[in-house]
Structure formats: structure tokens, C-alpha cells
Protein chains: 2
Amino acid sequence: MESAKTAGATAGRPRLSGSADGSPRQEIIREATALFVAKGYAETTMSEIARSAGLRQSSVYYWFARKEHILQALLEENRTSLQVAQTLEPAPGPASARLYAVLHADAVQLCASPLDFYEFERVARSQPQNFGPFFEDYGELHRLVTSIIRQGLDSGELRDVDPEAAATAALSLNEGLQRHYRQPLPGLRTYTADDVSTLSADTTLASLLLTPDGLPGVRPEAAALATGPTGGLARVNSPAES
Amino acid sequence: MESAKTAGATAGRPRLSGSADGSPRQEIIREATALFVAKGYAETTMSEIARSAGLRQSSVYYWFARKEHILQALLEENRTSLQVAQTLEPAPGPASARLYAVLHADAVQLCASPLDFYEFERVARSQPQNFGPFFEDYGELHRLVTSIIRQGLDSGELRDVDPEAAATAALSLNEGLQRHYRQPLPGLRTYTADDVSTLSADTTLASLLLTPDGLPGVRPEAAALATGPTGGLARVNSPAES
DNA sequence: CGCTGTTTCGATAACCTATAGAAAGTCTTG
DNA sequence: CAAGACTTTCTATAGGTTATCGAAACAGCG
């Protein structure tokens, strides 16, 4: 037991519907992602995922022991805003611009993610042991944002607020607005991903700066930071067991 | 058919487990609410609701044709912040204080509601025809908040922003923070309902006022509005069919 | 050619929502 | 006060879901 289960496609019993293109694992993730985007996680069944990937329902369980594991694998391929925060927190320059850049990048990522943040959170909470990294990443992002706000406080750029509460509010706004981008409520205006990201970062900075007049100056600085020192992504590609 | 189905408890086949205390419908709502609060909507089964209410699983369907109808009935008993907004939107006095009062009241209600806002929204979206009132109420709240912001713009109390986008951001912040109150993430500080409500209203007002210095003055004005002209609640009590 | 390891399949258990129709009372009415 | 109508609950079951189990079908190797 506990064998290779690598990306090969030749061994094993052949599928009824032709054979796989590439790694079955990646293929399942790809098809599941498309279905999650279209219908949401809870409303997507393992049978549908199997049909899209070209296997039978029970065969998917050879690659992912539980439905949540597919979501987990999907999550691990989508983390960039944390890297932006890790880069910018210790960077020099005004804290307000770095804060703007981090919040904007986070909002963009939330909008671009294949799944609603709250769906991730819901599933993560029901399987805490499998989603440790999710909570750790969130905690670290919160810590970094708190730190940047504290820097802005010390340098006199920002109003006197509780840095930790302000970070919670800033991230909450990102999460709440992400939802309005992703699922526009009937009768309300629809926004692009950049609309909500700018709206969120603008709002948070306006609430934290000593005077909102500073906002127009912060935006170009933040844009320079965002285009400049951006790191690449690390990708994971290994079959999951158990 | 299409008969009374009123609150009476005497007619009909008797229950295996004694008979009902009051209106079966209200009893089901009460027990279901407790379970939803404890475990969330999706994780609560009709069998559990039935057991708590003292009937068999299928008997619940006599009172509620679908599981979502219980949620819908529950929702109709919990709307107060919209009334606050309807009262304060046309009221005289500074717009900033009225805005603060409305946002704070909305956040308090979101925290006090038995169910997560996003669970309501999720179910509402899957059953749009049954949850028309939910979307209408939300749309009206958004419209009222937009109007108050526009008043503040006209009176020169608030910065020059897009009122509709600002309203979306304000409500998103309420919704996002509600989540942090309701389901604190591991490793982060926990907040009381009043903490998050004040944090939310503070943040939004700080982002909209011409200068954040005005914030300490707005809070007491808003508090006076909140305690003063508050209307009572309208309650609904009729059995649901279809 | 038989053995081992890998991958897929079919069957099935356990649980869920929802429906159908019978059953067990009360209420009304002649 | 008996017969039927009405109300409410029950049992039984259909059909869909996640997840498990063991057999089946292939490749590669001695």
C-alpha cells in the first residue's frame, strides 16, 4: 500500500471512455474547478465531476478520498496575495502605499479565485485538520496587514486606531465586496474585479489616513509597488492519498 | 383542499410522542432555529428538526413543503434594520449621524440574527421565487443608504464619492464583519456584536467624512437617533402552503 | 506464463430530501 | 349519534448524495 500513484497513464484497468489525456489528478481538479465556478461547491456532485473527467463516480475516490480534498488541492494552487504581503511588509517606503497595494492585490485574488471565499471557509471549518494551511495563511495575512498598519501609525501617516481591529475590518471589506463582485444581487449595479478592488482599498485607506486628501497620492505609489517586485508562483503537483 | 391549517392542536391524528404544546408551525420554527444556530442550515437535517419538535420526519413536510420554507419563515420574523433606515432616511439632521445609526443598527441585526447572512443569501439565491422579499428588502436598504450618503454629499458633510458604490462598500463591510463576529477564525481576536458594529460604522464614516476628526462627534448624535424614534416590529403568524 | 502493482469498475451501504397514501383522530351535519 | 368530511400524523418508499469494498482489467517483470 501507500504506493506511487504518479502521473502516469498507462498502467491499470483502462477506462470505459477512452484513456486519460494527462495526469488524472490534474484532470479531475481542472474539471471540478470549472464545475465549482459554474455551480458552486455544494451544488456540484461527484458524479458530475466524474462524468466531466471521463471516469465513473467511484473512481474519483481513488484520487481523492473525500470531496473536500479536491477543494483543498485547488486551494493550494491559488495563493499569491500572501506573497505580496510578505514582500511588502518589511519593505521600505510609506506604509500607506504598501497597505493599499496589499489590500488591492488581496481583493483581486479573491475575485479571481475560482471559488467564493466563504465557500472555502465553510468547507475549511468542517475539516479543520485538512485545512490547516488555509487558516495559517489567513492568520499570517492578518498579522502582516496589522503590522503594516502599525508602521503607518508609528510614522504618523495613519489615524490613531487599533491596528488589529483595522486589519480585520480591511480584510472583511475585501471578503464582503468579493461577494458582490462574484454574485451581484438583483437590482444592484455590477462591478468588475478591479472596481471592487479599488473600491475596497480606497475605502480602507480613506478610513485610516489622517485626511482623505492623501488618497490620490497613495494610489500611484501603490501601483508602482504592485508592478515592481512581484514574485512568481510555486506550483504543487503530487497525487494525494488518504 | 387549501384548507385552514391554523394554529389549532386538537384535530388530526395524534402524535406518537404526546401532543403539541402550541402551534406546530411555530414550534418547528423555534426548534429549527435553535438547530440552525448550533449547526448551520446545511448541516441540520429534517429528521433532527422533526425529532426536536416531536414529530416524524415526513410530518414536517405537512407544515413546510421544503426545507427552505422554514428558513424563509424564520427570515420574515427578523427584520428591524430596514425599519430604522426607513425612519431615518427622510429624517432631518446631519446625514452622517443618520448614516452611522443605520449602519450600526444593521450590523447589530446581522450579528443577532440566528443565521449567518451568507447562509440566507445562499439559500435565497437557490430559490429566487420564494425569497423575493429578501432581495427586495436588501435592495431597499441599499437604496436608502445610498440616499443618505447622497444627502451628506449635498450638505457638504461627506467627501466626494460615488454614493452607490459607497453604500455597497458599507453594507459589504457589515456583512464581512458579521462573519468574523459569528465565526471567529482560529488565532484571531474575538469581538462582541457591539464591537464589530461600532468598528464597522466607525470605519465607514471615517472613510466618508471630510476629516476623520468629525467621527467622535458623530457617534453620540447617532446614539441619540437610535434610542429615540425606533418603531416596533410587525410579526407574521400564518401557516405556509405549497 | 504466472505474479505483482496500478487503476477502473460495479455493487452497495448509509444518509438525505421529498412524495404518496393509509391511518387516526376531531368536527359537522342530518 | 352515526356518517361523512376535514385535519394532522404516520409508514413506506422513491430517487439522489457521499463514500466503501472487492472484483476486474490492464502493464511490466522474472
Side-chain angles (χ1 to χ4, degrees), chain A residues 1-28 32 35 39-51 53-71 123 126-127 130 239-242, chain B residues 1-28 32 35 39-51 53-71 123 126-127 130 239-242:
Chain A
M1 311 90 184
E2 294 308 323
S3 45
K5 219 181 256 192
T6 36
T10 62
R13 175 171 173 173
R15 297 184 182 174
L16 290 187
S17 56
S19 61
D21 290 338
S23 156
R25 197 147 194 284
Q26 289 300 320
E27 189 70 9
I28 290 168
L35 288 165
K39 317 179 34 179
Y41 173 77
E43 289 74 24
T44 301
T45 70
M46 291 295 262
S47 297
E48 294 171 303
I49 296 170
R51 197 177 318 121
L55 320 87
R56 307 299 232 198
Q57 180 257 3
S58 73
S59 301
V60 178
Y61 285 87
Y62 177 74
W63 298 98
F64 297 93
R66 320 189 146 269
K67 191 182 168 190
E68 295 105 23
H69 290 4
I70 304 180
L71 196 63
V123 178
S126 74
Q127 290 272 330
N130 292 95
E241 65 280 348
S242 152
Chain B
M1 309 90 185
E2 294 309 323
S3 45
K5 216 182 262 193
T6 36
T10 60
R13 175 171 174 172
R15 297 186 182 173
L16 289 187
S17 55
S19 60
D21 291 336
S23 157
R25 196 149 195 285
Q26 288 301 319
E27 189 70 9
I28 290 169
L35 288 166
K39 318 180 31 177
Y41 172 78
E43 290 74 25
T44 301
T45 70
M46 292 295 264
S47 296
E48 293 171 303
I49 297 171
R51 196 177 319 121
L55 321 85
R56 306 299 230 201
Q57 179 258 1
S58 74
S59 300
V60 178
Y61 284 86
Y62 177 76
W63 298 99
F64 298 93
R66 321 190 146 270
K67 192 182 168 189
E68 295 104 24
H69 291 5
I70 304 180
L71 196 63
V123 178
S126 75
Q127 291 272 329
N130 292 94
E241 64 279 349
S242 148

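Numbered from 1 within each chain, the chains take letters A, B, ... in sequence-line order. When reading the values below, keep in mind they use all heavy atoms of this one structure, side chains included, and skip hydrogens, waters and symmetry mates.
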[X] [atom1] - [N] [atom2] separation (whole Å):
X     : N      : atom1 : atom2 : value
A:I49 : D:dT17 : CD1   : C1'   : 12 Å
A:R56 : D:dA24 : CZ    : P     : 17 Å
A:L16 : D:dA24 : CG    : P     : 15 Å
A:L71 : D:dT18 : CG    : P     : 14 Å
A:R51 : C:dC9  : CZ    : C1'   : 16 Å
B:E48 : C:dC15 : CD    : C1'   : 11 Å
A:L55 : D:dA19 : CG    : C1'   : 16 Å
A:E43 : D:dT18 : CD    : C1'   : 15 Å

Original post:
CG/A:L55 to OH/A:Y62 distance, rounded to the nearest 0.5 angstrom?
Top reply: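 So the CG of A:L55 and the OH of A:Y62 are separated by 12.0 Å.
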Original post:
Roughly how far, to the nearest 0.5 Å, is the NE2 atom of A:H69 from the CZ atom of A:R25?
Top reply: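 Spacing of CZ (A:R25) from NE2 (A:H69) equals 9.5 Å.
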Subject >> Any N/O donor-acceptor pair, A:Q57 side-chain to C:dA11 base, under 3.5 Å >> reply: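 Result: no qualifying N/O pair found.
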**OP:** Would you state whether a donor and an acceptor, one from the side chain of A:S58 and one from the base of C:dG10, lie under 3.5 Å apart?
**Re:**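 Looking at the base of C:dG10, it does pair with a donor or acceptor on the side chain of A:S58 (distance under 3.5 Å).
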Closest non-hydrogen atom pair between [X] and [Y], with its separation:
X     : Y     : value
A:E43 : A:E48 : O-OE1, 3.7 Å
A:G54 : A:S17 : O-OG, 2.9 Å
A:R15 : A:P24 : NH2-CB, 3.5 Å

Of the listed nucleotides [options], the one nearest the side chain of [X]:
X     : options                : answer
A:K67 : D:dA19, C:dC9, D:dC10  : D:dA19
A:M46 : D:dT18, D:dT20, D:dT11 : D:dT18
B:W63 : D:dT8, D:dT18, C:dT8   : D:dT8
B:Y62 : D:dT8, D:dT17, C:dT8   : D:dT8
B:E68 : D:dT9, C:dC16, C:dA18  : C:dA18
B:R15 : C:dC9, D:dT20, D:dC10  : D:dC10

**OP:** Looking at every strand, decide which applies to A:S59 at a 4.0 Å heavy-atom threshold: base, sugar-phosphate, or nothing.
**Re:**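 Result for A:S59 = base.
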Original post:
Counting any heavy atom closer than 4.0 Å, what does B:T44 reach on the DNA or RNA strands: base, sugar-phosphate only, or nothing?
Top reply: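 If one applies the 4.0 Å heavy-atom cut-off, B:T44 turns out to touch the sugar-phosphate alone, with no base involved.
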Does any part of the side chain of [Y], heavy atoms only, come nearer than 4.5 Å to the side chain of [X], both counted from C-beta?
X     : Y     : result
B:M46 : B:I49 : yes
B:S59 : B:R13 : no
B:Q57 : B:T45 : no

Subject >> Nucleic acid footprint by protein, nucleotides 25-30 of chain C - heavy-atom cut-off 4.0 Å, B for base, S for sugar-phosphate alone >> reply: BSS---
Subject >> Overall bend - the helix from C:dC1-D:dG30 to C:dG30-D:dC1, comparing terminal axes fitted on five pairs, nearest 10 degrees >> reply: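 The end-segment axes of the helix from C:dC1-D:dG30 to C:dG30-D:dC1 are tilted 30° relative to each other.
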Subject >> Residues in salt bridge (charged side-chain N to carboxylate O under 4.0 Å, His left out) contact with A:E68, at least two apart in sequence or another chain >> reply: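 Listed in chain order: nothing, the list is empty.
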Subject >> Identified side chain to side chain contact (heavy atoms under 4.5 Å, CB included) counterpart of A:Y41 within the set A:V123, A:I70, A:L35 >> reply: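 Of all the options given, the one that passes is A:V123.
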